[in-house]
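See structure below.
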Amino acid sequence: MAKRIKQQALALQSNILWNTIGSLVYLGLQWLTTVIVVYLAGYGAAGDLSLAMSASNFLISFSLYGMRTYQVSDQKNRYAPEIYLGSRFMTCAGAVLLGVGLVLVNGYPLRQAGCILLYLLYRLSEATVDVLHGFEQKAGRMDYIGISFLLRGVLSFGAFVGVLALGGSLNQAILAMAVLVHAVVFLYDWPHTCHLQRFQHKPQVRGSYPLLKECFPFMVYLFLINGVNSVPRFAIEAQLGEEILGYYSSVATPATLVQMAATFIFSPLIVPLTEAWNGKDKKQFGTWMFVCGGAIAAITAAALLGGKLLGAWALQLIFGESILPYAYLLQPVLLCACLTAFSWFLCTVMVIIRKKWLLVAVCAAGFLASWLSSSCFVRLMGENGASFSIILGQGLMGILLAGIMLISMKKHFDR
């Protein structure tokens, strides 16, 4: 059995700070790529990039397999670290096969197919490093995670801008990003993980089947919850074209920063939430739930107010006057982002308390609501229809998840 190397864990506040700063910089620079591509390559390229991002959200769901929360909350070390590593090799390989199948089935032209597959290669670095970050989070050293985000964000953004500025294509820029982020994973993240976690064997691919079976419902839920937000974008591309999708994505991408800011708050709390649940500490568990829920509510209020007062001005500052006819899209996409953050939080807690199939059922309901309404809504309301499809799906999920959580807490703590 592999052993964890004893090191001083950081305080919870420090872990939250490192995780928040690193993740915000990484995602902020990812968002800036969607801005820069408009200036350097036009809205058509922005549409291709948005299509690749939406497709990668589906594919990355398989490679991540919804395993991070399970891994960090595995307090009894039911599975060896080598099994977690081996399972990640399998899921990444599966994501590549699914990506090839996706572009073949949909018959994308070579330019878009290459963009989707290269962006998937770039995103697979997140899946590879995610399992390493799970060991670091479990050891209470999220400073390593924050620094990794900073390095990957700065280097990938620099490569993307540099290639496009020198006249390279969008696909060449994405390839440069992919090479650099994978280099950071293997030259920085892997050595630091080995300082915290001693691996006594090679990654166990064959031995990972029980873990994959155990976490299969979590992969399904992650696939479905990402689909709630991605399917409506496919409807925009199919009905209105890639350039309109580029405008919508340019407005919508800043809202994802609000969404991710909320997730940075509750991600470091997986360990204390798990300890409170397993120890039947009702007061502590309720406190953490209240803190996270209150923080998401505060972020939602601030985002909607800021979008109302400053949204059009900020969009014009970033994209220029050409974006102003689409500024009306901002408020609905901000609401989408905040509802998504709330759903993600409740889904994370559902993983901690191991309500696997209930979680899948709720996410399936949200996915179906978004999927079935997206084409109709886009046809009736244009680009804004995509946002209302997402609001319908995420809102339904949030209501169902909140009800299940209240019932589960009452049963667990009153038993």
Side-chain angles (χ1 to χ4, degrees), residues 21-60 99 111-129 148-185 226 229-230 233 236-237 242-261 263-264 314-320 322-323 326 329-330 333 337:
I21 292 174
S23 301
L24 275 176
V25 170
Y26 179 75
L27 290 167
L29 291 174
Q30 266 193 346
W31 166 66
L32 278 178
T33 62
T34 66
V35 178
I36 292 296
V37 73
V38 172
Y39 286 102
L40 297 180
Y43 282 103
D48 285 344
L49 182 60
S50 177
L51 181 65
M53 288 179 167
S54 297
S56 73
N57 285 337
F58 274 112
L59 299 168
I60 205 69
R111 182 194 77 254
Q112 288 183 326
C115 187
I116 290 170
L117 293 178
L118 286 171
Y119 201 81
L120 172 62
L121 176 63
Y122 162 68
R123 291 290 303 276
L124 283 177
S125 67
E126 298 175 10
T128 305
V129 80
S148 171
F149 275 124
L150 290 170
L151 289 172
R152 287 183 288 126
V154 171
L155 290 176
S156 61
F157 178 74
F160 185 84
V161 173
V163 170
L164 287 183
L166 292 173
S169 67
L170 174 63
N171 287 1
Q172 290 171 335
I174 296 173
L175 177 60
M177 293 170 64
V179 171
L180 287 180
V181 291
H182 282 286
V184 172
V185 171
N226 281 328
N229 288 22
S230 297
R233 297 195 180 205
I236 292 178
E237 196 271 339
E242 64 187 35
E243 185 168 339
I244 297 299
L245 176 60
Y247 281 108
Y248 177 85
S249 300
S250 298
V251 175
T253 307
T256 62
L257 296 179
V258 177
Q259 171 185 320
M260 298 310 298
T263 65
F264 303 150
L315 288 172
Q316 182 179 4
L317 180 67
I318 297 168
F319 297 105
S322 62
I323 202 70
Y326 300 90
L329 298 171
L330 183 59
V333 298

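- In this structure, the separation between CG on L24 and CZ on F149 is 10.0 Å, given to the nearest 0.5 Å.
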Can you list, pair by pair, the side-chain donor-acceptor contacts under 3.5 Å of residues 170-181, counting residues two or more places apart and other chains?
unit_1 : atom_1 : unit_2 : atom_2 : d
N171   : ND2    : R111   : O      : 3.4
Q172   : OE1    : S169   : N      : 2.9

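- For R233 against N229, the heavy-atom pair with the smallest separation is CG-O, 3.9 Å.
- Annotation: side chain of L32 is not in contact with side chain of F160 (no heavy-atom distance under 4.5 Å).
- Side-chain contact between F157 and I36 is present, with at least one heavy-atom pair separated by less than 4.5 Å.
- Pairing each heavy atom of V161 with each of L40, the nearest pair is O-CD1, 4.2 Å.
- Shown here for M53 and T34, the closest heavy-atom pair between the two residues is CE-CG2, 3.4 Å.
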Output a table of donor-acceptor pairs, distance under 3.5 Å, between side-chain atoms of residues 112-122 and any protein atom two or more places apart or on a different chain; print 'none' if there are none.
unit_1 : atom_1 : unit_2 : atom_2 : d
Q112   : NE2    : D48    : OD1    : 3.0
Q112   : NE2    : E242   : OE1    : 3.0
Y122   : OH     : Y26    : OH     : 3.4
Y122   : OH     : Q30    : NE2    : 3.0

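- A 4.5 Å side-chain heavy-atom check between L164 and Y39 finds every atom pair outside the cut-off.
- Here L150 contributes atom CG and L29 contributes atom CG; the two are 9.0 Å apart, rounded to the nearest 0.5 Å.
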